[in-house]
There are 2 protein chains.
Amino acid sequence: MYSINEVAAICDVTAHTLRFYDKEGLLPFVGRNEAGNRVFTERDLGLVKFICCLKNTGMPIKEIRKYIELAIEGEHTADTRRDMITGHRKEVLRQIDELKKSLTILDLKVAFYDSYKVGFQGEH
Amino acid sequence: MYSINEVAAICDVTAHTLRFYDKEGLLPFVGRNEAGNRVFTERDLGLVKFICCLKNTGMPIKEIRKYIELAIEGEHTADTRRDMITGHRKEVLRQIDELKKSLTILDLKVAFYDSYKVGFQGEH
DNA sequence: AAATTACTTAGAGTGGTCTCTAACGGTGTC
DNA sequence: GACACCGTTAGAGACCACTCTAAGTAATTT
């Protein structure tokens, strides 16, 4: 069992952010103790980690909520969820590809600065 | 010579965005024609493309402005600019690395959904 | 001459993701 | 009992990067 601050530390977010996610419907699975405080099980922690993975790869909160809602709904939504993840996987591949292209441009720029240093004159 | 809309089309942004960038100090090098309209040279286009490259890889507008200001300042800022780009290059490498890690997690999830389909029962 | 098109400006509004504040409640230790 | 500490809520505010509006100018087409 984990407190909100423990989960926050593990997932590298603030407790504020987790409460914000809860308010946005991303954490409907989280239970409470007698005092009304959020209590995260090991399984909850795993889901939060996955939510952070989706967030870190640019999935909007709305779509993450949709995914969570489907997960809560039950087994019969598994196909839809699989499709969401494979679709998002493609998007992540696209992001990686774009970043790699940009990296090439940055490398060229650095190469220019280096060539400039040794006397080559060109445009910047 | 290019109009704002031509540059917008080439760089896959809107003219609105280019004017916004201008207002933010990202395009101080762009000239005007007799009518007061922005006119982009081939060299300007190259710089806008590079600005978009920086933006697409997550460099904040403030930092891009700093880079542009240095470039305008002259040759003696070349070292600083080189450092900015190599620093940003590292950041892009970090982004790619993180995306690849996230991709692995997504792959595992897809694999789970597939194993689930053929009868394996586990956590979701 | 009127309409259309392309551009201009200042400035307001939007959307997303936090981020923080204020006021409060319950638990543990001295 | 007092205080620290961890948690709660509603809601305001911040920040970024646009995105759009309103009102206007200038050139071109019909």
Is any side-chain N of the basic residue among A:D44 and A:R38 closer than 4.0 Å to the acidic one's carboxylate O?
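A salt bridge is absent here (no side-chain N lies under 4.0 Å from a carboxylate O).
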Is any side-chain N of the basic residue among A:D22 and A:R32 closer than 4.0 Å to the acidic one's carboxylate O?
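Result for this pair is yes, salt bridge flagged.
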Nearest-Å distance, [atom1] ([X]) to [atom2] ([N])?
| X | N | atom1 | atom2 | value |
| --- | --- | --- | --- | --- |
| A:R32 | C:dG25 | CZ | P | 16 Å |
| B:I4 | D:dT19 | CD1 | C1' | 14 Å |
| B:L27 | C:dT9 | CG | C1' | 16 Å |
| B:E6 | C:dT5 | CD | P | 17 Å |
| A:D22 | C:dC18 | CG | P | 14 Å |
| B:N33 | C:dT8 | CG | C1' | 11 Å |

Let me know which of B:T86, B:V92, B:I85 forms a side chain to side chain contact (heavy atoms under 4.5 Å, CB included) with B:H88.
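Answer after filtering B:T86, B:V92, B:I85: B:V92.
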Take A:G36 and B:E34, find for each the nucleotide of DNA chain D with the closest heavy atom, and name the residue whose nucleotide sits nearer the 5' end.
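Going by which nucleotide is closer to the 5' end, it is A:G36.
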As a test of reading the structure: which of D:dC18, C:dT8, D:dT8 is closest to the side chain of A:R19, going by heavy atoms?
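Shortest atom-to-atom distance from the side chain points to D:dT8.
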So, A:E6 side chain and A:S3 main chain: donor-acceptor pair closer than 3.5 Å or not?
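Such a contact is found between A:E6 side chain and A:S3 backbone.
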Apply salt bridge (charged side-chain N to carboxylate O under 4.0 Å, His left out) to A:E98 and list each qualifying residue two or more places apart in sequence or on a separate chain.
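By the salt bridge (charged side-chain N to carboxylate O under 4.0 Å, His left out) rule, A:E98 matches A:R94.
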Given A:V13 and A:K55, is the side-chain contact (heavy atoms from CB on, under 4.5 Å) satisfied, shown in steps?
CA-CA 11 Å; A:V13 293; A:K55 180 212 73 174; 4.0 Å; yes
Taking the inter-plane angle between the rings of A:F50 and A:Y67 on a 0 to 90° scale, is it parallel (under 30°), tilted (30 to 60°) or perpendicular (over 60°)?
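Tilted: the ring planes of A:F50 and A:Y67 meet at 30° to 60°.
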Any N/O pairs under 3.5 Å between the protein and nucleotides 13-17 of chain C? List them or say none.
from, atom 1, to, atom 2, distance (Å)
C:dT17, OP2, A:I61, N, 3.4

Could you go over nucleotides 21-26 of chain D and give all protein N or O partners under 3.5 Å, atom names and distances?
none

With nearest nucleotide decided by heavy atoms, which residue, A:K23 or B:N37, maps closer to the 5′ end of DNA chain C?
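The 5'-side residue here is B:N37.
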Hey, does A:S3 reach any base, or is it just sugar-phosphate, or nothing, if we go heavy atoms under 4.0 Å?
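Result for A:S3 = sugar-phosphate.
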Checking side-chain hydrogen bond (donor to acceptor under 3.5 Å, both in side chains) between A:T77 and each of A:R81, A:E73, A:E75, which is the one that passes?
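For A:T77, the side-chain hydrogen bond (donor to acceptor under 3.5 Å, both in side chains) test succeeds with only one of A:R81, A:E73, A:E75, which is A:R81.
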Can you check side-chain contact (heavy atoms from CB on, under 4.5 Å) on B:L93 and B:D97, steps first, answer last?
CA-CA 6 Å; B:L93 282 175; B:D97 204 57; over 6 Å; no
